[in-house]
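Since the structure comes first, as structure tokens, the remarks are kept for the end.
All figures in this text were calculated on a predicted structure; none of them were measured in a lab.
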Amino acid sequence: MPITAAGRFFTDETGRRRILHGVNLSGASKVPTQPPGATHLPDSLDDPRNVSFIGRPFPLDEADEHFARLKHWGLDFLRFIVTWEALAHEGAGCIDEAYLDYLQAVLEKAHAHDFLVFIDPHQDVWSRFCGGDGAPVWTFEAVGLDIERFSETGAALLHQKQPDTFPQLMWANNYYRYACFTMFTLFFGGREFAPQLQVDGQNIQDYLQGHYCAAYSALARRLRDLPNLLGFGSMNEPSGGLLGVPDLRSNDHSLFKLGVMPTPAQAIFLANGFAQDCLDFGMPLVDRLPGQTKPARIDPQGATVWRDGVDDVWLAQGIWDVDGAGQPRMLRPGHFARADFLGDFLKPFAERFASAIHAEMPDAQIFIEAEPMGPPPKFDHIDKLVYAPHFYDGVTLFTRRFHPQLNFDFFSMRPLLGESQIRNHLQKELGKFRHYADEALGELPIVIGEVGIPFDLNGGSAFKSGDFSRQAQALDYSLRALDDHLYSYTLWNYTPDNSNERGDQWNGEDLSIFSRDQQADPADINSGGRGLLAFVRPYARKVAGDPQSMRYDQARGIFTFSFRHDSAISEPTELFVPNLPFPAGYRVEVSDGEFEVDLEAQRVLYRHSDKDMPHMIRIVSKALAPEELSPWGKLAIVAAVTLVVLALLRRILRR
């Protein structure tokens, strides 16, 4: 392994602590290339087994171009997206070997460009066929669900049904719809909550988890000799479905309320053909305040989600029935209330997954995450853990608007006024992840697996003007807070086939830091980048000791970093210092020791002294006036000026 998890930081073979900056590759890897799977295409779900993901994230002959660009931007760490469907779309146990060949070739290219990689088993709301991505179609068939009936029964909301009017982030509403929450409940809790549901002689939980683990084990077996592969995530943003829901008649448990939201009980009744009067929450902060609702009726007109001859799994469990008047009624609304999703269901699944991966790659690091913004479970039996939660500025993400002086705290339900309040809030929210890790996982590295902003802010005005400064400012708010905690991260996302019209090709999202539509000059390696001045930023890449603090003031062009050295390390500290944000060049100030600037490689090498002290490095744009320098920077200038004056005096005296 090129780097390993050691305490709070990754460590390379020289002992240097590593801070990793990278990107998710790619947003469009959620959908197949053939037939074209972009979710705005009405027929993209028509032939679910005969698909191919070869060419995701890009055709092999484009790999050098994209890797060179990302490397130039300092993003040499990949969260590489591979869905379960991509591996096993044809049927249970049927692995797409041609796709594995392609993945191996792409990641060999990544190694040639000196990229580190971990595999992300990506899913959103379970599957493409219920509004997201991830699981193949045969997982529904195993349960008895008919994907053709999801829309009419309200069991899922599909972009394909309204390609030009699908609201932003409405796909997340599917977590509270029947198809998604039923599949997750069975995947994690089938043995306890649907013991009668057997497939091929196994309980549905063991059947689904077994095939999931086997698919990614096959990938690990194929890729295990790649020296740049660090390991695997266990599952992107896992959901407990109904596990732990206190009352099926209420949707108070939902993290975000968007659009028309049936309660779980109503979703169950709808899936079985009964009309329901639900609440429409709209888009909070866009068309109404949080908590405001209006009525909305959904009527499946007797249609059900079940294939002919199959009964509802929750009816079979006695959770609900039909009364004498032919109306559905909930018998056990608290049936799932006592389920501890983290400890009793997510934890054993993650342990099972890690065991399967370690059987093929004993040194693989396992990147663990839980539900968004929530804590992870406590693990006792998994080695080589990395904590990989996600973070987004919710207001910017939901509203596609950014104001540098105004934001909102969804948890305390209060406005945030002024840059200072907003930055403090973001820093505090990100600090929770270290607290969660310390409580549940101990000393281990944290990688923020997803962080980003929508680039179609303000109605996509930047697409016409070419001015992405507002996007850069919004993204910088989050990245500066990440630097405050010295976190590694992978931006969401880099989509090679992003377009201004259709974004990342999935549910109308547009968070890619690159788009061909902004690529005015293909010969310019920066052309096509969006919000470059936020993420093309200096950072300490390899540190000869323990990092203490890191701060980049983008507006002023000042970067500062401090650390305490480890006497066992002989290699220098290496900083990535891009040329882009310093068009007039930059000065380097150090507290002690010596440094070397390599403009072509965009790096500064710093060799500290042996003094027992915090070592400090400061990068300062040459566009700044001397009064903006640090005290020791000013001393350096005074010393330099003094030397010049003395040299001139010597020349005069010699004459």
### Query
Is the side chain of Gln123 donor-acceptor paired with the backbone N or O of Asn236 at a distance under 3.5 Å, no angle test?
yes

### Message
Classify the ring geometry of Trp126 against Phe184: parallel below 30°, tilted from 30° to 60°, perpendicular beyond 60°.
### Response
perpendicular

### Query
Can you find a pair of side-chain heavy atoms, one from Ile453 and one from Tyr392, that are under 4.5 Å apart?
no

#### Entry: Closest non-hydrogen atom pair between Arg249 and Pro333, with its separation
NE-CB, 3.5 Å

### Task
Check whether any side-chain N or O of Glu152 sits under 3.5 Å from a backbone N or O of Ala303 as a donor-acceptor pair, and report yes or no.
no

### Task
Before giving the answer on salt bridge (charged side-chain N to carboxylate O under 4.0 Å, His left out), spell out for Asp456 and Arg502 the whole-Å C-alpha distance, their side-chain angles and the decisive distance to 0.1 Å.
CA-CA 10 Å; Asp456 54 348; Arg502 294 298 181 182; over 6 Å; no

### Task
Could you verify whether a donor N or O on one side chain and an acceptor N or O on the other, from His122 and Asp124, lie under 3.5 Å apart?
yes

### Query
Does any donor atom in the side chain of Glu509 or Trp171 lie under 3.5 Å from an acceptor atom in the other side chain?
yes

### Task
With sequence neighbours excluded, tell me which residues meet ring-ring contact (aromatic ring centres under 6.0 Å, His included) with Phe398.
Phe256, Phe410

### Check: Glu360/Ser217 side-chain N/O donor and acceptor closer than 3.5 Å
no

### Query
Got more than 12 heavy atoms from elsewhere within 6.0 Å of NZ, Lys432?
yes

#### Entry: Reported CG-to-CD distance for the pair Asp120 and Glu450, which is rounded to 0.5 angstrom
7.0 Å

### Salt bridge present between Arg49 and Glu141 (N-O < 4.0 angstrom)
yes

### Message
Has Asp96 got a side-chain atom pairing as donor or acceptor with Ser52's backbone, closer than 3.5 angstrom?
### Response
no

### Query
Is the ring centre of Phe140 less than 6.0 Å from the ring centre of Phe150?
yes

#### Entry: Asp299 side chain vs Gln276 backbone, donor-acceptor pair below 3.5 Å
no

#### Entry: Tyr212 ring center within less than 6.0 Å of Phe187 ring center
yes

#### Entry: CZ on Phe129 to OG1 on Thr139, rounded to 0.5 Å
8.5 Å

### Task
Scan side-chain atoms only and decide if Arg79 and Asn24 contain a donor-acceptor pair under the 3.5 Å cut-off.
yes

### Query
Glu237 and His390: side-chain donor and acceptor closer than 3.5 Å?
yes

### Task
Output yes when Glu97 and Arg222 qualify as a salt bridge under the 4.0 Å nitrogen-oxygen rule, no when they do not.
yes

### Message
I want to check something: taking the side chain as every heavy atom from C-beta on, are Asp47 and Val51 in contact at a cut-off of under 4.5 Å?
### Response
no

### Message
If the test is side-chain hydrogen bond (donor to acceptor under 3.5 Å, both in side chains), which one of Thr39, Asp164, Thr165 qualifies with His159?
### Response
Thr39

### Message
With a 3.5 Å distance limit and no angle check, can you tell me whether Asn173 reaches the backbone of Val260 through a side-chain donor-acceptor pair?
### Response
yes

#### Entry: Separation between CD1 of Ile366 and CZ of Phe379, rounded to the nearest 0.5 Å
10.0 Å

### Query
Quick one: which of Phe269, Trp306, Phe336 gives a ring pair (Phe, Tyr, Trp, His ring centres under 6.0 Å) with Trp314?
Phe336

### Query
Is any side-chain N of the basic residue among Asp280 and Arg297 closer than 4.0 Å to the acidic one's carboxylate O?
no

### Query
Just how far is it from atom CG of Leu25 to atom CZ of Arg56, taken to the nearest 0.5 Å?
11.0 Å

### Whether Tyr176 side chain and Gly241 backbone form a donor-acceptor pair below 3.5 Å
no

### Query
Looking only at side chains, do Asn498 and Thr495 share a donor and an acceptor under 3.5 Å apart?
no

### Task
Drop me the distance from Leu279's CG to Asn251's CG, to the nearest 0.5 angstrom.
6.5 Å

#### Entry: N/O donor-acceptor pair under 3.5 Å between Asp340 side chain and Gly343 backbone
yes

## Note on the structure
d(Leu60 CG, Leu103 CG) to nearest 0.5 Å is 10.5 Å

### Query
Do the side-chain N and O atoms of Asp206 and Asn203 include a donor-acceptor pair separated by under 3.5 angstrom?
no

### Task
Please determine, by modelled atom types, if His335 and Gln317 share a side-chain donor-acceptor pair under 3.5 angstrom.
no

### Message
For Arg128, is there an ion pair with Asp133 - N to carboxylate O distance below 4.0 angstrom?
### Response
no

### Message
Over 60° means perpendicular and under 30° means parallel, so tell me whether Phe433 and Tyr436 are parallel, tilted or perpendicular.
### Response
perpendicular

### Query
Do the two ring centres, one from Trp506 and one from Trp492, sit under 6.0 Å apart?
no

### Message
I'd like to know if the side chain of Tyr178 pairs up with that of Asp312 as donor and acceptor (distance under 3.5 Å, no hydrogens or angles considered).
### Response
yes

#### Entry: Ser234 side-chain N/O to Ala354 backbone N/O, donor-acceptor pair under 3.5 Å
no

### Message
Main chain of Ala135, side chain of Glu85: is a donor-acceptor contact present, judged purely on distance under 3.5 Å?
### Response
no

### Query
So, does Asn493 use its side chain to make a donor-acceptor pair with the main chain of Ser26 at under 3.5 Å?
no

### Task
Mind telling me whether Phe188 and Phe349 have parallel, tilted or perpendicular rings, with 30° and 60° as the class edges?
perpendicular

